[in-house]
Amino acid sequence: MGKDVIVACDFASAEQTFAFLDKFTGKKPFVKIGMELYYAEGPEIVREIKKRGHKIFLDLKLHDIPNTVKKAMAVLRNLDVDITNLHAAGTKNMMEAALEGLTREDGTRPLLIAVTQLTSTDQESMERDLLIKEPIDRVVMHYAKTAKEAGLDGIVCSPLEAGKVHASCGEGFLTITPGVRFADGEVGDQKRVMTPAQAKEIGSDYIVVGRPITASSDPVAAYERCVREFCD
Ligand code: C5P
């Protein structure tokens with residue numbers, strides 16, 4: 001899989017999701033299904049979107065004891081998604097167990113990506129609530145290296161961190177980066193943003209774009225603009 005734009009389908013129902021996806025009559029976008037949509041509609045929404053020919057990033061961010069995550073991943077592998085994820089904070093043991101669970105009998109599996117520190121966690125809350133005293137960028141890089149050692153395929157990170165992650169974990173270690181905005185667009189609640197062209201420049205492998213596409217008056221044109229800026 002090469003560079004691609006993943007559209008965050010942060011909708012509350014299958015109906016809204018299909019009304020949105022029906023607009024795409026040409027290239028079928030790579031779709032991210034998050035907790036909101038998955039918990040509303042269950043695994044059927046994944047099967048249905050797959051049947052329509054989209055690649056899928058199932059963003060459920062698993063985090064539990066290794067045995068539970070392994071068994072949950074063994075269920076998810078049957079959904080035939082292309083990418084799924086977990087929290088690196090679950091430790092290397094949990095990540096290794098997850099990979100085992102995700103691997104099908106024929107040796108194939110979806111890509112497995114780690115979430116490091118959520119962008120909603122800042123230095124202050126990390127120190128106060130988690131008692132982690134190291135600088136947050138060091139923590140993020142440490143989680144990335146642990147994920148790589150566990151055999152994972154990459155991490156979710158800010159596009160600003162993608163270059164550093166590649167330098168430390170290798171060019172082949174995937175960086176999936178949200179927080180993307182058009183130069184002339186609304187920033188909204190995202191704090192540290194980059195344009196698709198800048199994300200390409202810095203070496204992101206996939207950008208995750210939600211509202212700049214889903215809330216646009218012309219979602220197909222906004223998607224095509226992202227693809228032009230990021231992939232071409
Ligand atoms: O609408 P917007 O482009 O901000 O959507 C970004 C998507 O990426 C959302 O689904 C959001 O949950 C997700 N995400 C993020 N920041 C992270 C991790 C995931 O914005 N650090």
Side-chain angles (χ1 to χ4, degrees), residues 1-41 45-61 81-85 110-111 113 115 118-120 154-163 165 174-232:
M1 287 202 277
K3 281 192 182 284
D4 211 345
V5 174
I6 303 179
V7 181
C9 283
D10 295 323
F11 298 110
S13 70
E15 199 186 346
Q16 287 171 24
T17 307
F18 292 133
F20 170 75
L21 291 177
D22 282 345
K23 298 184 172 60
F24 293 83
T25 50
K27 183 177 185 246
K28 307 243 181 204
F30 202 131
V31 165
K32 179 170 91 74
I33 301 174
M35 291 185 201
E36 182 185 9
L37 184 57
Y38 189 80
Y39 291 150
E41 299 290 349
I45 187 75
V46 178
R47 293 189 192 101
E48 194 55 43
I49 293 177
K50 191 81 200 174
K51 207 154 61 185
R52 288 170 169 236
H54 297 267
K55 284 186 176 166
I56 297 175
F57 170 19
L58 186 59
D59 179 19
L60 298 180
K61 300 187 178 71
V81 298
D82 299 278
I83 305 177
T84 192
N85 63 358
L111 294 174
I113 303 294
V115 174
L118 294 171
T119 43
S120 50
I155 63 162
V156 180
C157 63
S158 147
L160 298 157
E161 291 157 353
V165 171
L174 300 173
T175 53
I176 302 193
T177 63
V180 173
R181 293 293 180 266
F182 292 121
D184 52 3
E186 297 264 319
V187 172
D189 55 358
Q190 292 283 11
K191 298 220 161 43
R192 302 188 301 150
V193 300
M194 264 195 188
T195 65
Q198 287 168 328
K200 174 185 181 183
E201 188 68 32
I202 212 156
S204 295
D205 295 291
Y206 295 90
I207 51 173
V208 175
V209 188
R211 288 158 294 177
I213 295 173
T214 55
S216 163
S217 55
D218 188 344
V220 177
Y223 170 71
E224 285 170 350
R225 180 178 172 190
C226 272
V227 171
R228 261 197 320 276
E229 282 194 26
F230 184 68
C231 306
D232 291 351

Could Arg228 and Glu224 be called an ion pair, given the rule that one side-chain N must be under 4.0 Å from one carboxylate O? no
[atom1]/[X] to [atom2]/[Y] distance, rounded to the nearest 0.5 angstrom?
X	Y	atom1	atom2	value
Tyr223	Ser216	OH	OG	14.0 Å
Ile33	Phe11	CD1	CZ	11.5 Å
Lys28	Leu21	NZ	CG	8.5 Å
Phe18	Arg52	CZ	CZ	4.5 Å
Lys3	Ile207	NZ	CD1	9.0 Å
Gln16	Cys9	CD	SG	11.0 Å

Hey, is the main chain of Pro29 close enough, under 3.5 Å, to the side chain of His54 for a donor-acceptor pair? yes
Hey, is the main chain of Gly210 close enough, under 3.5 Å, to the side chain of Thr214 for a donor-acceptor pair? yes
Closest approach of [X] and [Y], non-hydrogen atoms and distance?
X	Y	value
Phe182	Cys226	CZ-SG, 3.6 Å
Ala197	Glu229	N-OE1, 3.4 Å
Cys157	Glu161	CB-OE1, 3.3 Å
Ala199	Pro159	CB-CB, 4.3 Å
Val156	Val115	CG2-CG2, 4.3 Å
Gly203	Thr175	O-OG1, 3.7 Å

Which of Asp82, Asp59, Asp4 passes salt bridge (charged side-chain N to carboxylate O under 4.0 Å, His left out) with Lys32? It is Asp59
Once you measure the plane-to-plane angle for Tyr206 and Phe30, does it fall in the parallel (<30°), tilted (30-60°) or perpendicular (>60°) bin? perpendicular
For side chain to side chain contact (heavy atoms under 4.5 Å, CB included), just list the numbers for Val208 and Ile176, CA-CA rounded to whole Å, side-chain angles, deciding distance to a tenth of an Å, and then say yes or no. CA-CA 7 Å; Val208 175; Ile176 302 193; 3.5 Å; yes
If you define the side chain from C-beta out and look only at heavy atoms, does anything of [X] sit under 4.5 Å from [Y]?
X	Y	value
Glu48	Glu41	no
Ile155	Val165	yes
Ile83	Pro110	no
Arg181	Thr195	no
Thr17	Leu37	yes
Val31	Phe57	no

Candidate pair Met194 and Ile202, rule side chain to side chain contact (heavy atoms under 4.5 Å, CB included), full reasoning: CA-CA 10 Å; Met194 264 195 188; Ile202 212 156; 3.5 Å; yes
Residues Val46, Ile56; criterion side chain to side chain contact (heavy atoms under 4.5 Å, CB included); working and verdict: CA-CA 8 Å; Val46 178; Ile56 297 175; 4.0 Å; yes
Can you list the steps and then say if Val5 with Val209 is a side chain to side chain contact (heavy atoms under 4.5 Å, CB included)? CA-CA 7 Å; Val5 174; Val209 188; 4.2 Å; yes
